[in-house]
Chemist: 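Below is one structure. I have some questions about it.
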Amino acid sequence: MNFYILTLFPDMVSQGLNTSIIGRAAGRGLLSIRTVNIRDYAFNKHQSVDDYPYGGGAGMLMQAEPVYLAYEAAAAEIRTRRQECGEQEKKPRVVYLSPQGAVFNQNMAEELAKEKDLIFLCGHYEGIDERVLEEIVTDQVSIGDYVLTGGELPAMVMVDTISRLVPGVLHNDVSAESESFQDNLLEHPQYSRPEVWHGKRVPEVLLSGHHANILKWKREQSILRTKERRPDLLERCALTEQEKAWIEEM
Ligand code: SAM
């Protein structure tokens with residue numbers, strides 16, 4: 001999977017994504033994470049990329065042209081690679097990180113993980129001139145209802161989440177399938193050695209070696225935890241009739 005991140009702060013993004021699981025997956029060629037410095041496309045004397053907004057208002061706005069040229073550079077690279085691989089030409093999806101976008105979630109990550117190439121556009125200051133957004137952006141995504149100084153952290157959040165879904169990135173692919181939000185359930189509690197810590201015992205069933213009972217316990221714990229912490233999710237979860245009755249009784 002190939003990520004292109006258009007940003008004014010490429011070091012922040014590459015340093016953040018170059019470590020641990022994502023960094024290792026990139027090292028193994030499962031992911032390619034390229035940053036494109038928007039400032040490199042500011043063809044003026046001071047290499048400035050921002051200007052005052054028309055009509056007044058606080059702060060500065062990123063100008064359309066450098067953003068457009070940075071996008072063109074990434075899109076051209078994608079086009080060339082597709083041609084070399086004999087793949088069909090396709091306009092890449094361009095995600096603009098914005099507090100005004102649809103709120104990111106696991107379903108969205110799964111859908112985006114099907115793409116081969118993704119371009120992320122990080123805003124800064126007061127945002128980006130609307131005209132270039134209209135021209136190049138296919139998806140506007142927020143990571144939550146709060147305002148950050150830039151799109152770099154949101155882009156890193158999204159790249160990390162999507163990368164975990166790329167086959168081979170996680171040590172054990174099964175772990176992505178049984179995690180929170182899968183089937184609209186939160187994950188059950190987990191325990192490791194020792195069996196007793198600060199007087200607290202690991203639940204007996206997990207030591208029993210009885211596979212079916214362990215699975216049943218995990219499913220029940222997931223349902224219980226989701227009911228307590230995220231009842232909104234549980235409403236969208238496909239519970240069996242038996243599970244529904246069990247939950248009603250509680
Ligand atoms: N003036 C904009 C508004 O009110 O909608 C906010 C601009 S914000 C200070 C600067 C940049 O940070 C945005 O262009 C966007 O790329 C990024 N950003 C801020 N909060 C975000 C969020 N919750 N999710 C995704 N991106 C965000």
Side-chain angles (χ1 to χ4, degrees), residues 1-18 22 31 33-42 44 46-75 78 91-113 115 117-165 180-181 230 232-233:
M1 177 134 197
N2 307 305
F3 298 104
Y4 294 82
I5 300 153
L6 317 184
T7 169
L8 290 174
F9 300 94
D11 291 348
M12 177 179 176
V13 176
S14 11
Q15 280 165 17
L17 291 173
N18 239 336
I22 307 302
L31 308 169
I33 303 171
R34 291 254 294 105
T35 53
V36 180
N37 189 346
I38 297 171
R39 206 173 289 281
D40 289 346
Y41 298 90
N44 56 55
H46 304 290
Q47 272 206 306
S48 69
V49 288
D50 57 328
D51 209 334
Y52 293 99
Y54 281 117
M60 304 292 272
L61 211 56
M62 285 169 67
Q63 293 167 288
E65 187 65 2
V67 170
Y68 184 71
L69 294 176
Y71 157 77
E72 278 280 273
I78 293 170
K91 190 182 180 303
R93 273 172 90 168
V94 180
V95 178
Y96 173 47
L97 288 314
S98 164
Q100 301 177 21
V103 179
F104 188 49
N105 62 24
Q106 194 68 23
N107 286 344
M108 217 187 272
E110 280 163 21
E111 197 237 325
L112 289 168
E115 300 290 327
D117 304 289
L118 280 175
I119 299 179
F120 290 91
L121 171 59
C122 306
H124 228 86
Y125 315 120
E126 280 313 306
I128 301 181
D129 188 311
E130 192 70 20
R131 292 166 296 182
V132 68
L133 300 179
E134 285 167 6
E135 207 148 307
I136 66 173
V137 169
T138 58
D139 303 76
Q140 296 215 13
V141 182
S142 163
I143 59 159
D145 290 344
Y146 39 80
V147 180
L148 294 143
T149 54
E152 285 73 16
L153 286 171
M156 286 155 71
V157 166
M158 287 189 71
V159 169
D160 186 297
T161 312
I162 295 165
S163 296
R164 300 179 80 252
L165 302 171
S180 293
F181 305 111
R230 292 292 304 273
D232 58 309
L233 279 182

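Quick caveat, the model's predicted, so the values are computed rather than measured. Each ligand, and each atom within it, is numbered from 1 in the order the structure gives.
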Chemist: Please identify which of these residues, L118, I5, L112, meets the side-chain contact (heavy atoms from CB on, under 4.5 Å) condition with V159.
Modeler: I5
Chemist: From E152 CD over to Q15 CD, what is the distance, rounded to the nearest 0.5 angstrom?
Modeler: 12.5 Å
Chemist: More than 12 foreign heavy atoms under 6.0 Å from CG of D145: is that the case here?
Modeler: no
Chemist: For ligand 1, list every N/O pair with the protein closer than 3.5 Å, one pair per line with the distance.
Modeler:
residue	atom	partner	partner atom	Å
ligand 1	1 (N)	E126	O	2.9
ligand 1	1 (N)	E126	OE1	3.1
ligand 1	5 (O)	Q100	NE2	2.8
ligand 1	12 (O)	G150	N	3.4
ligand 1	14 (O)	Y96	OH	2.7
ligand 1	16 (O)	L97	O	2.6
ligand 1	16 (O)	G123	N	3.0
ligand 1	20 (N)	L148	N	2.9
ligand 1	23 (N)	G144	O	3.1
ligand 1	23 (N)	Y146	O	2.8
ligand 1	24 (N)	I143	N	3.1
ligand 1	26 (N)	S98	N	3.3

Chemist: Does the Q47 side chain pair with the main chain of R39, one donor and one acceptor, at a distance under 3.5 Å?
Modeler: yes
Chemist: To the nearest 0.5 Å, how far apart are CZ in R230 and OG in S180?
Modeler: 9.5 Å
Chemist: Rounded to the nearest 0.5 Å, what separation is found between the CG atom of D50 and the CG atom of L61?
Modeler: 8.5 Å
